[in-house]
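Excluded from the calculations below are hydrogen atoms, water molecules and symmetry mates; all remaining heavy atoms, backbone and side chain alike, are included. All of these numbers come straight from a predicted model, not from anything done at the bench. Chain naming here is simple, since letters A, B, ... match the order of the sequence lines and numbering starts at 1 in each.
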Protein chains: 2
Amino acid sequence: MEQQRKTEDLLKQRLKEKGLKVTHQRILVLTVLEQNSGMHMTAEDIYELVSQDYPDIGLATVYRTLQLLWDMQLVDRINLDDGCVRYEIGHLLRGDAQHNHHHLICRKCNKVIPFTDDLLDDLEHHIEEVTGFHVLDHELKFYGFCRDCMEKEN
Amino acid sequence: MEQQRKTEDLLKQRLKEKGLKVTHQRILVLTVLEQNSGMHMTAEDIYELVSQDYPDIGLATVYRTLQLLWDMQLVDRINLDDGCVRYEIGHLLRGDAQHNHHHLICRKCNKVIPFTDDLLDDLEHHIEEVTGFHVLDHELKFYGFCRDCMEKEN
DNA sequence: GTCTCTGCAAACCATTTGCAGAGTC
DNA sequence: GACTCTGCAAATGGTTTGCAGAGAC
């Protein structure tokens, strides 16, 4: 609850800085993402949850809002190669200590296994020094075969 | 040329192992990818290049072939978030020493900058030990602002 | 000859867009 | 009141699929 108020205030602040309006739809989308931290939600998932509180919202608005929140660095985008983009609350806003989490994707059963590791912080600093590219976020996926599929065959 | 023959032979071998047919289309798609090593090609790009040698090929065949080559681990898949999946010759087949290359994606101008680094080899071994997940490949993207965009403003 | 593969065209489906009315400030 | 924002429905566009004929073995 405490955290949620902080996130909402940050959203309002960023919107005002850019001369944009604070709307129920924008607050609700961000709130749903915060309440489902770590969930990898599609636009459709978010649409359905927000609809429970606000049945009139349109799917197009959810898409537009997610784009906006991503531009403002309030949400993270993940692509697990299943045909739709997924979203979660931005890593800068997450309450838990799980700063970096990556994904292991099984090529046989398509299972997605999260994996936590902070190794990339050093690499981010190195990149900034060498290239002048300012890193905000990263996405790391490993492809292979999960333990279950390895045991079954192949 | 030498390398190209090896790649073609490997394709034929893998196809035969699975009881699949060796066709001109399959050989041509893989050859185009090998001749454009490091290029991040879309299915459409590949279709147009293969069409020069084999005008009757259909786009659907290119898609089906890329899926097949990916299953056989002969090509790598990259998603640069521009709405289409990109392909390149598999890292196991690449002639150059550039084993791991990652991408820096600018959030403002959408420029993509390649960056070479082998740091992830250790992490792959670590993952296999801890989780039993057998890693074949990985995809790493960094999001942020490139030097040019940083200098201009923001 | 059998079975897979291919080209074509149509279908699919996540995402985007145009527009007129509603909401924010 | 001026401007942005929203919902709706239609459009978009990369990718997939059904099918009948062609090709590989």
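Within residues 80-88 of chain B, the residues approached by DNA chain D to less than 4.0 Å at the level of any non-hydrogen atom are B/G83, B/C84, B/V85, in residue-number order.
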Which is it for A/K141 and A/D81 under the salt bridge (Lys or Arg N to Asp or Glu O under 4.0 Å) test, yes or no, and what are the steps along the way?
CA-CA 10 Å; A/K141 293 179 283 192; A/D81 305 315; 3.5 Å; yes
Give the intermediate values and the outcome of side chain to side chain donor-acceptor pair (under 3.5 Å) for residues B/H103 and B/H40.
CA-CA 11 Å; B/H103 298 99; B/H40 310 146; 2.9 Å; yes
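The side chain of B/I57 lies closest to C/dG7 when the candidates are C/dT24, C/dG7, C/dT15. Each of C/dG7, D/dG14, D/dA24 was ranked by its minimum atom distance to the side chain of B/T23; first place goes to D/dA24. For A/Y63, counting side-chain heavy atoms from C-beta on, the closest listed nucleotide (C/dT15, D/dT16, C/dC5) is C/dT15. Considering only the side chain of B/R64, D/dC19 comes nearest among C/dC25, D/dC19, C/dC5. The side chain of B/T61 sits closest to C/dT6 out of C/dG18, D/dT4, C/dT6.
Atom CE of A/M41 is separated from atom C1' of C/dA14 by 17 Å (rounded to the nearest Å). In this entry the distance linking CG of A/D45 with P of C/dA14 reads 11 Å, nearest Å. Here the C1' atom of nucleotide D/dT6 and the CG atom of A/L68 are 13 Å apart, to the nearest Å. With rounding to whole Å, A/L28 atom CG is found 11 Å from D/dG7 atom P. B/K12 has its NZ atom 18 Å from the C1' atom of C/dT4, to the nearest Å. Put simply, NE2 on B/H24 is 12 Å from P on C/dG7, counting in whole angstrom units. Separating the CG atom of B/N79 from the P atom of C/dA14 is a distance of 16 Å, rounded to the nearest angstrom.
Residue A/Q25 holds its CD atom at 5.0 Å from CD1 of A/I57, rounded to the nearest 0.5 Å. Taking CD1 from A/I105 and SG from A/C146, the interatomic distance works out to 12.0 Å, rounded to the nearest 0.5 Å.
Looking only at atom types and distance, the side chain of A/Q13 has a donor-acceptor partner in the side chain of A/E17 under 3.5 Å away.
Contact annotation: side chain of B/K21 to base of C/dT4, donor-acceptor pair absent below 3.5 Å.
Note on ring orientation: taking the six-membered ring where Trp is involved, the planes of A/H24 and A/Y54 are tilted (angle from 30° to 60°).
Across A/L59 and A/E44, no two heavy atoms sit closer than the pair CD2-OE1, 3.9 Å.
Toward the 5′ end of DNA chain D lies the nearest nucleotide of B/L59, the other residue of the pair B/K16 and B/L59 mapping further downstream. The 5' end of DNA chain C is approached more closely, in terms of each residue's nearest nucleotide, by B/L15 than by the other of B/A60 and B/L15.
If you check every strand for non-hydrogen atoms under 4.0 Å, A/Y47 touches nothing. B/E44 comes within contact range of no nucleotide atom at all, as no heavy-atom separation falls under 4.0 Å.
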